[in-house]
Amino acid sequence: MKPATLSAELDVRAGGRYRISFTRDDGEYFEAGGIYREVVPNERLVFTWAWHSTPERESLVTISLKPDSAGTLMVFHHAQFFDETARDNHQRGWSSFFDKLDAFVA
């Protein structure tokens, strides 16, 4: 079973909010959201990230896009984790997401 985005509400502008919810491969439901801090079309997106279940554990995501000879290079950086366990769990989650995105694009 592939994860399905059940809901996505996006107000993509500095100060705008977003909320996403999804079901993981094993059927577990998650909801996360945050605030866009910086939006530069085709270049940079910076936003806070927090799970609905632990809103006090806010972290920060920065996505940079740069032209590349093969298309576009995306640099993804997720920082300011509550602890090492949160960091490691996010690393596994994002790695799985990007593997699936890579397979989809291919």
Side-chain angles (χ1 to χ4, degrees):
M1 171 171 63
K2 293 182 179 180
T5 297
L6 303 176
S7 176
E9 299 170 14
L10 310 169
D11 181 9
V12 185
R13 60 183 173 87
R17 295 184 173 275
Y18 74 92
R19 185 182 69 82
I20 60 171
S21 59
F22 59 94
T23 304
R24 200 168 58 185
D25 288 343
D26 63 6
E28 190 171 356
Y29 174 81
F30 292 91
E31 188 174 319
I35 298 172
Y36 293 101
R37 290 194 177 168
E38 186 179 345
V39 177
V40 180
N42 302 315
E43 289 182 26
R44 187 173 167 88
L45 187 62
V46 180
F47 54 93
T48 61
W49 174 277
W51 296 107
H52 180 68
S53 58
T54 54
E56 72 282 0
R57 294 183 178 189
E58 186 177 85
S59 54
L60 188 67
V61 175
T62 301
I63 300 171
S64 300
L65 303 171
K66 297 180 182 178
D68 182 85
S69 61
T72 301
L73 173 67
M74 180 184 76
V75 177
F76 180 89
H77 188 249
H78 194 161
Q80 300 178 355
F81 294 106
F82 179 75
D83 58 21
E84 290 182 8
T85 300
R87 180 200 64 202
D88 295 348
N89 288 339
H90 281 87
Q91 182 176 359
R92 278 192 296 279
W94 286 120
S95 293
S96 174
F97 168 77
F98 285 120
D99 287 346
K100 290 173 183 163
L101 179 62
D102 188 45
F104 176 78
V105 171

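All values below come from the heavy atoms of this structure, side chains included, with hydrogens, waters and symmetry mates left out.
Under the rule for a side-chain contact (heavy atoms from CB on, under 4.5 Å), the partners of Asp83 that lie at least two apart in sequence or sit in another chain are Thr85, Ala86. With sequence neighbours excluded, the residues that form a side-chain contact (heavy atoms from CB on, under 4.5 Å) with Glu84 are Arg87.
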Compile the donor-acceptor pairs under 3.5 Å between side chains in residues 38-52 and protein atoms, sequence neighbours left out, one pair per line.
residue : atom : partner : partner atom : Å
Glu38   : OE1  : Arg44   : NE           : 3.1
Glu38   : OE2  : Arg44   : NE           : 3.1
Thr48   : OG1  : Ile35   : N            : 2.8
Trp49   : NE1  : His90   : NE2          : 3.3
Trp51   : NE1  : His90   : NE2          : 3.0

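Residue Phe97 is not grouped with residue Leu60 when hydrophobic side chains (ILVMFWY) are merged at heavy-atom distances under 4.5 angstrom, including chains of intermediate members. Under a hydrophobic-cluster definition in which Ile, Leu, Val, Met, Phe, Trp and Tyr are linked whenever side-chain heavy atoms come within less than 4.5 Å, directly or via other members, Met74 and Tyr36 are assigned to the same cluster. Both Leu65 and Val105 are assigned to one and the same hydrophobic cluster, defined by single-linkage of ILVMFWY side chains at heavy-atom distances under 4.5 Å. By the criterion of side-chain heavy atoms lying less than 4.5 angstrom apart, applied directly or through intervening Ile, Leu, Val, Met, Phe, Trp or Tyr residues, Ile63 is grouped together with Ile20 in one hydrophobic cluster.
Contacts classified as side-chain hydrogen bond (donor to acceptor under 3.5 Å, both in side chains) and involving residues 67-81 (residues at least two apart or in different chains) are given here: Ser59-His78, His78-Trp94. The list of salt bridge (charged side-chain N to carboxylate O under 4.0 Å, His left out) pairs with a residue in residues 47-64, not counting sequence neighbours, reads Arg37-Glu58. Judged as a salt bridge (charged side-chain N to carboxylate O under 4.0 Å, His left out), the pairs with a partner in residues 7-20 (not counting sequence neighbours) are, in order, Glu9-Arg19, Asp11-Arg13, Arg19-Glu31.
Distance alone, capped at 3.5 Å, is enough to place a donor-acceptor pair between the Ser95 side chain and the Gln91 backbone.
Using a 4.5 Å heavy-atom threshold, the side chains of Val12 and Tyr18 count as separate.
Environment of CZ in Phe104: sparse, with no more than 12 heavy atoms of neighbouring residues, nucleotides or ligands closer than 6.0 Å.
Between atom CG of residue Asn89 and atom CZ of residue Phe81 there is a gap of 9.5 Å, rounded to the nearest 0.5 Å.
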